[in-house]
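So that the names make sense, note that chain A is the first sequence line, chain B the second, and so on, each numbered from 1. Hydrogens, waters and symmetry mates play no part in the numbers below; they use all other heavy atoms, side chains included. Since the model is a prediction, treat every value here as computed from it, not as a measurement.
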Protein chains: 2
Amino acid sequence: MNDKKVKQILEDLDVENPGEVCPIKDVLAEVLDKWTMMIILVLGKHKVLRFADVRRSVVGISPKMLTKSLRTLERDGHVNRKVYPEVPIRVEYSLTEQGEVFLKKLVDLAAWIKPHVPTIVKSREQFIK
Amino acid sequence: MNDKKVKQILEDLDVENPGEVCPIKDVLAEVLDKWTMMIILVLGKHKVLRFADVRRSVVGISPKMLTKSLRTLERDGHVNRKVYPEVPIRVEYSLTEQGEVFLKKLVDLAAWIKPHVPTIVKSREQFIK
DNA sequence: TGAACAAGTAACCAAATGGTTAGTGTTGTG
DNA sequence: CACAACACTAACCATTTGGTTACTTGTTCA
């Protein structure tokens with residue numbers, strides 16, 4: 001591994017600067033959150049979904065967390081929120097271009113980690129105490 | 001984006017299987033945890049560190065979280081823990097080969113996300129309410 | 001004799017996280 | 001005329017998370 005690159009990233013992530021807000025860590029943490037990740041993935045698959053659709057697709061999510069996660073994704077520019085002021089109201093969610101980029105990275109990450117998982121599971125089983 | 005691949009990952013991540021334990025999500029979540037990530041990075045930079053060294057390098061971490069994170073990393077096979085039964089006791093931590101692989105991926109991920117951060121920060125500022 | 005050291009561990013506590021349930025307002029349907 | 005549909009929001013509460021502080025253990029050094 002390239003030491004210079006590691007050192008650079010350590011600086012970028014502000015490991016030695018206590019108390020500082022690090023936007024890189026922040027953006028990463030938010031996009032890699034359990035529910036957020038799932039929402040990006042289902043929006044990647046279905047392209048356009050209404051609130052209730054996402055709720056059905058992401059099994060187990062509560063309306064509270066769904067709203068919260070969608071707002072964060074919207075705020076960070078990963079998701080479009082389009083409101084149709086009909087009655088009953090209709091709201092459609094979809095990935096932005098930036099959201100698509102993140103989707104791609106998430107899929108890559110999951111695909112990359114997949115073959116490592118059996119080894120790790122084995123390592124866990126052998127770990128006593 | 002390749003729809004087949006997204007569909008495959010959605011299946012791998014068990015989005016539609018409620019209550020199931022998904023090892024991929026699990027392994028990802030543990031390695032991407034705030035403190036765990038920092039520990040992998042400082043071990044990548046310094047190669048071998050004692051408990052107190054890691055504590056100094058990862059500014060702000062409490063001994064409780066340090067122990068917990070190191071145990072998880074050891075359990076998952078990312079970190080070696082070598083005990084020298086001297087007095088006072090000496091314990092050295094270093095990355096395993098697998099840990100080095102994860103380090104590389106973490107650095108790649110951070111490096112990749114870095115140029116996206118200013119756009120996201122701007123998007124946040126423009127987001128009202 | 002007793003303080004210091006290393007690598008934790010134990011006990012306690014505050015804060016954050018997130019689930020559940022009920023409610024909002026309007027309109028089309030049985 | 002009551003109820004379902006939709007996209008949330010508010011209030012409440014249980015659980016989880018993680019920080020702080022003090023303690024352990026055996027030997028060496030002052």
request  = Take atom CG of A/L66 and atom C1' of D/dA10, then tell me their distance rounded to the nearest Å.
outcome  = 17 Å
key: B/K105 bridged to B/D108 by N-O distance under 4.0 Å   = no
task = Could you check how far CG of A/D33 sits from P of C/dA16, rounded to whole Å?
result = 17 Å
inquiry  = Nearest to the side chain of B/R71, heavy atoms from C-beta on, is which of C/dA7, D/dA7, C/dG8?
reply    = C/dG8
task = May I have the distance from B/K34 (atom NZ) to C/dA16 (atom C1'), rounded to whole angstrom?
result = 13 Å
Length of the CZ-P vector between B/F51 and C/dA6, whole Å = 12 Å
query = Between B/I61 and A/R81, which is nearer to the 5' end of DNA chain D once each is assigned its nearest nucleotide?
reply = A/R81
ask   = Looking at B/V42 and B/S57, what are the two nearest heavy atoms and their distance?
value = CG1-CB, 3.9 Å
query = Of the nucleotides D/dC8, C/dT9, D/dG18, which has the atom closest to the B/T67 side chain?
reply = C/dT9
inquiry  = Side chain of A/V91, heavy atoms from C-beta onward: which of D/dG19, C/dA7, D/dA7 has the nearest atom to it?
reply    = D/dA7
note = Separation of C/dG8 atom C1' from B/R90 atom CZ, nearest Å, is 17 Å
query = When you check the gap from the basic side-chain N to the acidic O, do A/D76 and B/R124 get nearer than 4.0 Å?
reply = yes
task = In whole angstrom, give the distance that lies between atom NZ of B/K68 and atom C1' of D/dT17.
result = 7 Å
message = One thing to verify: whether A/D3 and B/K45 come together as a salt bridge, which I'm taking to mean a side-chain N less than 4.0 angstrom from a carboxylate O.
response = no
task = Heavy atoms under 4.0 Å is the rule here; annotate nucleotides 20-30 of chain C 5' to 3' with B where the base is hit, S where only the sugar-phosphate is, and - elsewhere.
result = B-----BS---
query = When A/H78 is tested against each of A/E30, A/E97, A/Q98 for side chain to side chain donor-acceptor pair (under 3.5 Å), which residue passes?
reply = A/Q98
message = Under 4.0 Å from OP1 or OP2 of C/dA6: is there any side-chain N or O of B/Y93 that close?
response = no
key: Separation of atom CZ in B/R56 from atom C1' in C/dA7, rounded to whole Å   = 12 Å
ask   = Has B/R75 got its NZ or CZ under 6.0 Å from the middle of the six-membered ring of A/F127, at an angle within 45 degrees of the ring axis?
value = no
request  = May I have the distance from A/L70 (atom CG) to D/dA7 (atom C1'), rounded to whole angstrom?
outcome  = 11 Å
message = Considering every strand and a 4.0 Å limit on heavy-atom distances, what is the contact class for B/Y84: base, sugar-phosphate, or nothing?
response = nothing
task = Mark yes or no for whether A/T67, through its side chain, and A/P63, through its backbone, hold a donor-acceptor pair below 3.5 Å.
result = yes
